[in-house]
Each structure stands twice: as structure tokens, then as C-alpha cells.
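Residue numbers run from 1 in the order of the sequence given.
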Amino acid sequence: MIIGIGVDVVDVPRFGRQLERTPGLRARLFAPAERELNLRSLAARFAAKEAVAKALGAPAGMNWQHCQVLLDPAGAPQLQIDGTVAAVAEGKGVQTWHLSLSHDGNMATAMVIAEG
């Protein structure tokens, strides 16, 4: 059963300018393992985090670092959640996540399906 769906689109150059203007933003949004990735990868991961929040109904109090995008051995993106995000997901009965990322030109897109 689908519990929620989330989609987000990020303008990569605009996201890069925001990271430059707000020095602490990178540390607030990304787990240590994500912080050194290139800008396109960061933008796609931010879109994924936003899509996760939307799939969960955008609850307040979620820590962005509790949601990471990792790559499986074949290079496919996978979500890893813990902490505040895992608590909300568990409360809603989410058992499986589906994630798709895409880049085109200056845009990064993520789609997430939360399944119970």
C-alpha cells in the first residue's frame, strides 16, 4: 500500500548560491558523508530529502541529516533513514522506500514513494 508520494525539483545554480550565502547550510542539510559531493549530487540529494518529507506529510521537527541517499553496488540510489525521519516513517507504517533521481541541465529532480 502506498503511504505517500513526494516529488521535488531543485535549480542547481540557485542551490549553489544558497550554499555559498549560508555557510552553515551544508552542515545542517547533509550528513558528513554527503557534504563533499559535487553540487549536482548535493542538489539531487536535497531534492530527495524534500521528497521524503512530502511523502511523510511534511511533519515538523525532522532532522535533514537523518535522511541520506546512498548508492547500492550497482550505482542505484537508496534511502537510508534514522532518527527523526525513521520515527515519523515508522509511525506512518512505512516499510519500503522507492527513490528515483534525475539531472538535466541545471535541474535535479527526485521522486520518492513510501510504501507500507
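Around atom CG of Leu71, more than 12 heavy atoms belonging to other residues, nucleotides or ligands sit under 6.0 Å away. By the neighbour-count criterion of 12 heavy atoms within 6.0 Å, atom CZ of Arg35 is densely surrounded, having more than that number from other residues, nucleotides or ligands.
Atom CG of Asn63 sits about 5.0 Å away from atom OG1 of Thr84, to the nearest 0.5 Å. The line from CG of Leu29 to SG of Cys67 is 11.5 Å long, rounded to the nearest 0.5 Å. Atom CZ of Arg45 sits about 7.0 Å away from atom CG of Leu101, to the nearest 0.5 Å. For the atom pair CZ (Arg17) and CG (Asp11), the distance works out to 6.5 Å, reported to the nearest 0.5 Å.
Below 30°, between 30° and 60°, or above 60°: for Trp64 and Phe46 the angle between ring planes is between 30° and 60°, a tilted geometry.
In this structure the side chain of Trp97 never reaches within 4.5 angstrom of the side chain of Ile113, judged on heavy atoms. Annotation: side chain of His98 is not in contact with side chain of Val112 (no heavy-atom distance under 4.5 Å). For the pair Gln78/Leu99, no side-chain contact is recorded, criterion being any heavy-atom separation below 4.5 Å from C-beta on. Taking 4.5 Å as the limit, some side-chain heavy atom of Leu42 sits within range of a side-chain heavy atom of Arg26.
Residue pairs that meet the salt bridge (Lys or Arg N to Asp or Glu O under 4.0 Å) test with at least one member in residues 48-64, sequence neighbours left out, are Asp8-Lys54, Glu34-Lys49.
In this structure, Gln65 and Ala31 approach most closely via the heavy-atom pair CG-N, 4.0 Å.
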